[in-house]
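Heads up: the structure comes next, in structure tokens.
Protein chains get the first letters and strands the later ones, always in sequence-line order, with residue 1 at the start of each. Computed from a predicted model, the values in this text were never measured in an experiment.
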Amino acid sequence: MSRTLVTSALLYANGPLHFGHIAGAYLPADIYTRALRMAGEDVLAVSGSDDHGVAITIAAEKAGEDYASYVAGWNARMRETFAALDIRYDIVSGTSTSPPHADLSREFFERLDANGYLKERTTDQLYCATDEMFLADRYVQGTCYVCGHTPARGDECPSCGTWIDPLKLKEPSCKICGTAPETRSTTHWYLDLPKLRDEKIGAWIKGHEWKSNVAGFIENLLEDVPERAITRDMKWGVSLPASVGERGEGKVLYVWFDAPIGYISFTKELMVERGTPDAWKDWWQSEDTSLVHFIGKDNIPFHCLVFPSMLYGAKDGYVLPAHVPANEFYNLKGGKFSTSEGNAFDIPNFVEQYGADVTRFYLCSSMPETADSEFSMELFIQTANTALAGTIGNLAQRVLKFIDKNAEGKIPAIHDDHRAEMDACILNECGAIEDPVEHIRAFRFRRAAEAIVQNAAVGNRFIDQMAPWALRKEDPVKGESSLATLCEWLSWTARWMAPIMPTKAQELWSMLGQQGQVLDQPAPGLPRAETWRTLRAGTPLGEIVAMFPRLELPETE
RNA sequence: GGCGGUGUAGCUCAGUUGGUUAGAGCAGCGGAAUCAUAAUCCGCGUGUCGGGGGUUCGAAUCCCUUCACCGCUACCA
């Protein structure tokens, strides 16, 4: 049986999730997972936090917290945000807490080494004796040796644009404590990406079909692939395997190396919890698995080149990604989402005010699929009121209330005399019908959201055309048939909505008097005249509520 | 500086491997209907596809150039 393994980019644990992350990597993964599951497929969804790296240690020290609790704090915030938005994974873990992670990461190191893909190299680097650490370029400043500008960062001079070699910087100082660093030599391991590219990954990338916005990016990436260091001189991280001996002392795996391995570690962790410790191999080392990485465009090099290189280089039967549906960036109108500037919404707060499904729908319909896009409060409110309250919510309301008043609150029967006419009208004459799940499978999320609304509009045309309020007097039996048809349509609407708006879909499902969870229903696909009617006449409706209350633009905007 | 992206109707965006009169949603204008959360339905767009040049029988779609805005610049994740 084929399986789909869905991953969402691990959140770097030094800040909260904002809508850019959500629209880029998490919401699409959740929608995709739900849609495939409705279609009866076996799906595993994995995500979590990326906990290592210098940025985190510095931020934690600034905050006066130890690394582990600092990271745990952001991880907890991430879970809250997922809960608020109803984004679900089979496991959300963290690279510093997942039990199998350190060993598995070391195993990757050893296998890559044994297979000849690692190189050891000694270089000089700046070392701060006060902070007891080698300084990354961005943590050094000094005077530019080309133009004399001060301060110049360790990587680039803001004045003349020269690429700075930190070792040549005049009067270098540590950005953290301000003291002058010294030069020390250190040994590191490098991943031989050029070799991996030439052996396999280059051809694989060229032969693979990528999303259009990904394709261009990685092609020219291939031209100039560097060997990349995969170790660092610091304490916070995964220590090197014992097999490298004392040369590995005081060193850890570089954060980008261990981070993607987290996807595998978390899967292992989950399978251990489930009592099937070997089952992770069915997902990671089976030809039947379709591996899908949801990421933002900043992660394209890692997920299309580096991580596949690692998976291949381990030579342990790992699958390579089938799809990397990277999104572009989602900006806040007039700027970008930034945690530091306070122009990022507090998501749980936002959701409490406007509702999870409305938020999910708007993010889905404005997702940066092919180009950067933006979040606008005005458009959010407008979308909620026109597409959701107006087209979908109102369809449910006008049909169900009418039945409540005029048809005893039970699903009416379709009469044989009218069946053909009604089917032809709603299935063929009231407008094009699209299957949202089909779009979701193709990673066309915006189109999927649009399709749901379009299908609801078909229902609105049908009711306007049939005018059951007039038929009630002229031809009551036909009126009932039209209402029966509309109830069927609403049940399809609920199922079409489910992956994107699970809670609202369930609400509609219950209003129709249906039992169980709408997400447990098979994905509906497109209705066909012979088989599309499934409701039982006489079923009493549930309590009728307004699905999408109209929203107003806040004054403060 | 380098690399990359974007620039299509008032707004947000689609435009597949170049090909009939360049599309959607929202907003706007006109009309119909009144079951419904003043929610629905119908009709209405002469857009220099940022500017300029080129390739082609034919380009928003390929090439060159130019302007504007944006992102990244790899011991940053």
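Across all strands shown, B:rG1 forms a Watson-Crick or G-U wobble pair, both distances under 3.5 Å, with B:rU73. In this structure, B:rU40 forms a base pair with B:rA32, meeting either the Watson-Crick or the G-U wobble geometry with both donor-acceptor distances under 3.5 Å. Using the Watson-Crick or G-U wobble rule with both distances under 3.5 Å, B:rU17 pairs with nothing in any strand shown. Across all strands shown, B:rC11 is found opposite B:rG25 as a Watson-Crick or G-U wobble partner, with both distances under 3.5 Å.
Spacing of C1' atoms, B:rG45 relative to B:rG28, comes out at 11 Å, to the nearest Å. On the P atoms, B:rG15 is 23 Å away from B:rG71, given to the nearest whole Å. Taking atom P on both nucleotides, B:rC76 is separated from B:rC13 by 32 Å, rounded to a whole Å. When the P atom is compared between B:rU56 and B:rG51, the two are found 23 Å apart, to the nearest whole Å. The P atoms of B:rG47 and B:rG10 are separated by 10 Å, rounded to the nearest whole Å. Using atom C1' as the reference point in both B:rG54 and B:rA9, the two lie 28 Å apart (nearest Å). For the C1' atoms, the distance linking B:rC49 with B:rA24 amounts to 16 Å, nearest Å. Nucleotides B:rU20 and B:rA27 have their C1' atoms positioned 31 Å apart, rounded to a whole Å.
Using cut-offs of 30° and 60° on the angle between ring planes, the pair A:Trp489 and A:Trp496 is perpendicular.
Comparing B:rA77, B:rU40, B:rU37 by their nearest atom to the side chain of A:Asp298 picks out B:rA77. Which of B:rC13, B:rU37, B:rA36 sits closest to the side chain of A:Lys405 comes down to B:rA36. Of the listed nucleotides (B:rA77, B:rU37, B:rA27), B:rU37 has the atom at the smallest distance from the side chain of A:Arg550. Listed nucleotides: B:rC75, B:rA39, B:rU12. Nearest to the side chain of A:Asn394: B:rA39. The side chain of A:Pro226 lies closest to B:rA74, out of B:rA74, B:rU37, B:rA27.
Separation of the A:Phe257 and A:His52 ring centroids does not fall under the 6.0 Å cut-off. No close placement of the A:His439 and A:Phe445 rings is indicated, their centers lying 6.0 Å or farther apart.
Note on A:Ser373: only backbone sugar-phosphate atoms sit closer than 4.0 angstrom, heavy atoms only; bases stay farther off. At the heavy-atom level, A:Tyr254 lies under 4.0 Å from the strands shown only through sugar-phosphate atoms. Contact annotation for A:Phe302: base contact, defined as any heavy-atom pair under 4.0 Å involving a base atom. Across all strands shown, A:Lys297 has no heavy atoms under 4.0 Å from either base or sugar-phosphate atoms. Among the atoms of the strands shown, none is found under 4.0 Å from any heavy atom of A:Asn406. Nucleic acid contact class of A:Thr370 (heavy atoms, under 4.0 Å, all strands): sugar-phosphate only. In this structure, A:Glu328 reaches neither bases nor backbone, as no heavy-atom distance under 4.0 Å exists between it and the strands shown.
In this structure, the NE2 atom of A:His52 is 19 Å from the P atom of B:rC75, given to the nearest Å. Note: NZ (A:Lys401) to P (B:rU37) measures 4 Å, nearest angstrom. If you measure from atom NZ of A:Lys473 to atom C1' of B:rC35, you get 11 Å, rounded to the nearest angstrom. Counting to the nearest Å, the P atom of B:rA77 and the CZ atom of A:Phe307 are 18 Å from each other. Rounded to whole Å, atom P of B:rA77 lies 15 Å from atom CD1 of A:Ile230. Rounded to whole Å, atom C1' of B:rG25 lies 12 Å from atom OH of A:Tyr362. Computed from coordinates, the A:Glu450 CD to B:rA24 P distance equals 11 Å when rounded to whole Å. The distance between atom CG of A:Leu395 and atom P of B:rA33, rounded to the nearest whole Å, is 21 Å.
Formation of a donor-acceptor pair under 3.5 Å by the A:Asp475 side chain with backbone atoms of A:Leu471 is not found in this model. At distances below 3.5 Å, not a single donor-acceptor pair connects side-chain atoms of A:Asp51 with backbone N or O atoms of A:Val71. Remark: the backbone N or O of A:Thr57 is not paired with any side-chain donor or acceptor of A:Lys62 at under 3.5 angstrom.
Projected onto RNA chain B by closest heavy-atom contact, A:Arg446 and A:Gly53 fall at different nucleotides, the more 5' of which corresponds to A:Arg446. Take the nearest nucleotide of RNA chain B for A:Ala546 and for A:Trp256: the residue whose nucleotide is more 5' is A:Ala546.
Within residues 456-471 of chain A, the residues that have a heavy atom under 4.0 Å from RNA chain B are, in order of number, A:Ala457, A:Asn460, A:Arg461, A:Ile463, A:Asp464, A:Trp469.
Between the side chains of A:Glu61 and A:Tyr70, no donor-acceptor pair of N or O atoms lies under 3.5 Å.
For the pair A:Glu182 and A:Arg184, the salt-bridge criterion is met [side-chain N within less than 4.0 Å of a carboxylate O]. Checked for salt-bridge contact, A:Asp192 and A:Arg197 miss the test: no charged N lies under 4.0 Å from a carboxylate O.
Screening A:Asp233, A:Thr123, A:Thr122 against A:His188 for a side-chain hydrogen bond (donor to acceptor under 3.5 Å, both in side chains) leaves a single residue, A:Asp233.
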